[in-house]
Amino acid sequence: MNDDPNSTEDREVVVRTRSVRKTYVMGTQTLDALKGVDLEIYSGEYISIMGPSGSGKSTLFNMVGGLDKPSEGQVFIDEVDLAQLDAYELAWLRCRKIGYIFQTFNLIPVMSALENVTLPMVFAGLGDDEARDKGVELLGRVGLGDRIHHKPLELSGGQQQRVAVARALANSPAVVLADEPTGNLDLNTGTEIINLLRSLKEDHGVTIISATHDLKMLDVSDRIIWIRDGRIDRIERREDLVLRVGELEGH
Amino acid sequence: MSDPKTIARQVKLPLSKAIEISFRNMRVRFGRTLITVGGIVLGISFLMYVVGSEQILLALLENGPEELVDTLAVPGDEAKAQQIWLVTLSLLVAGVAISNAMLLAVTERYREIGTMKCLGALDNFVVKMFLMESAFQGMVGSLIGCFIGLVMSLLFALGKYGLVVFTVLPKGPLLSNAVLAVAAGLVISVISAIYPTYVAAKMVPADALRSEI
């Protein structure tokens with residue numbers, strides 16, 4: 001929070017994209033979802049990717065998360081070029097370097113909160129006891145210490161998203177990707193989740209990248225990347241933005 | 001970053017976890033599990049009934065009292081061919097039913113599979129999960145079907161020939177046929193699940209997450 005805005009230059013780059021393009025071919029038509037995106041995201045930053053639907057926001061998000069491959073250009077996570085990885089390495093990267101948070105929570109319905117959180121650790125090869133201890137600790141950190149054995153359907157939306165946040169942190173990833181994390185939540189619960197993400201960033205140095213059009217997000221983001229028409233429209237720092245938000249929301 | 005900047009290959013394939021998850025899925029979707037199991041029960045019980053009856057008849061022809069043997073009609077080749085055809089058909093139907101049920105299970109769990117892939121699950125893990133599920137259903141269905149078919153063939157033989165059946169009961173051949181019937185049920189279940197499993201394993205995680213089901 002108190003960082004000098006310019007100090008990011010000497011921090012480590014966690015995510016780097018180099019003229020990333022993505023073209024979808026649908027029959028005879030081609031759609032350029034991304035038209036060359038260059039981006040650098042630093043360790044410990046809270047980034048919001050904003051843009052209207054169809055702007056290429058989700059496509060960029062998928063590229064950065066190793067969920068989809070660019071048609072042209074490169075995506076680096078922790079200086080590793082995703083295009084060079086085979087399926088096994090990509091799985092390894094998704095498991096340990098990236099934590100995902102989704103709009104629809106995407107918890108496994110047949111598993112308890114604790115089991116959902118420990119699943120990525122199981123995939124990473126952690127022992128049962130170790131995974132359980134870490135899972136309990138993470139659930140405590142997101143404020144669900146007393147609900148670890150509840151199934152997702154026995155939890156409210158906000159609580160489910162907290163479980164998802166804990167799950168995203170399971171293997172101490174280099175970056176947490178959140179796709180519209182507040183999209184299915186009411187105002188208060190959404191604010192709670194945003195505050196939780198913010199505190200994770202501040203207290204634990206977690207890097208957070210969030211695709212969103214929730215304006216509440218602007219308040220806590222270090223930088224906001226505006227996407228329009230498959231390109232980066234502008235990148236703003238929060239400090240420069242406060243006034244604009246004030247105008248926008250009228251408070 | 002404290003981690004060294006190296007990438008390793010994901011190797012962990014926790015089989016126990018795959019089994020655990022597939023078991024839970026079967027429990028949660030118990031109704032559909034029952035239908036799938038029911039399909040294989042029908043197919044295998046019919047198979048077992050046909051081979052069981054035949055074994056009993058053969059045993060009677062060989063060791064039964066003479067006055068009974070004289071009255072027995074040995075099934076002709078045509079009748080046999082017809083029975084083989086019927087059994088094959090019933091097994092095929094059971095296989096298609098399983099395939100269909102597994103495809104439904106995959107579609108229903110599209111997002112779940114995508115999520116697991118995001119969390120680091122390998123294609124292999126997804127394959128194990130679904131094959132396990134199908135193999136287990138096939139196993140249970142075959143065992144039940146085998147038992148029903150055996151009991152039915154015995155009951156029919158008792159009704160037809162009387163208690164003499166028990167004196168000539170071909171335990172060895174019946175048992176080995178029962179084992180073969182269970183194996184057949186298991187193989188059919190696993191083969192029928194191959195295509196649905198392939199669909200699940202090849203799914204691109206981004207697609208899986210976008211799907212609205």
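Note that the coordinates shown come from a computational prediction; the quantities given were computed from them, not determined experimentally. Per chain, numbering begins at 1; letters A, B, ... match sequence-line order.
Residue contact with chain B, scored on non-hydrogen atoms closer than 4.5 Å, is absent for A:Gln103. Contact annotation for A:Leu107: neither backbone nor side-chain heavy atoms come within less than 4.5 Å of a heavy atom of chain B. Heavy atoms closer than 4.5 Å to chain B are found in the side chain of A:Asp86, but not in its backbone.
Salt bridge B:Glu108/B:Arg32: present, at least one basic N to carboxylate O contact under 4.0 Å.
Rounding to the nearest 0.5 Å places CD1 of B:Ile84 at 11.0 Å from CG of B:Leu47.
Applying the side-chain hydrogen bond (donor to acceptor under 3.5 Å, both in side chains) test to B:Gln83 and every residue at least two apart in sequence or in another chain returns nothing. Every residue two or more places apart in sequence or in another chain was checked for a salt bridge (charged side-chain N to carboxylate O under 4.0 Å, His left out) with B:Lys160, and none qualifies.
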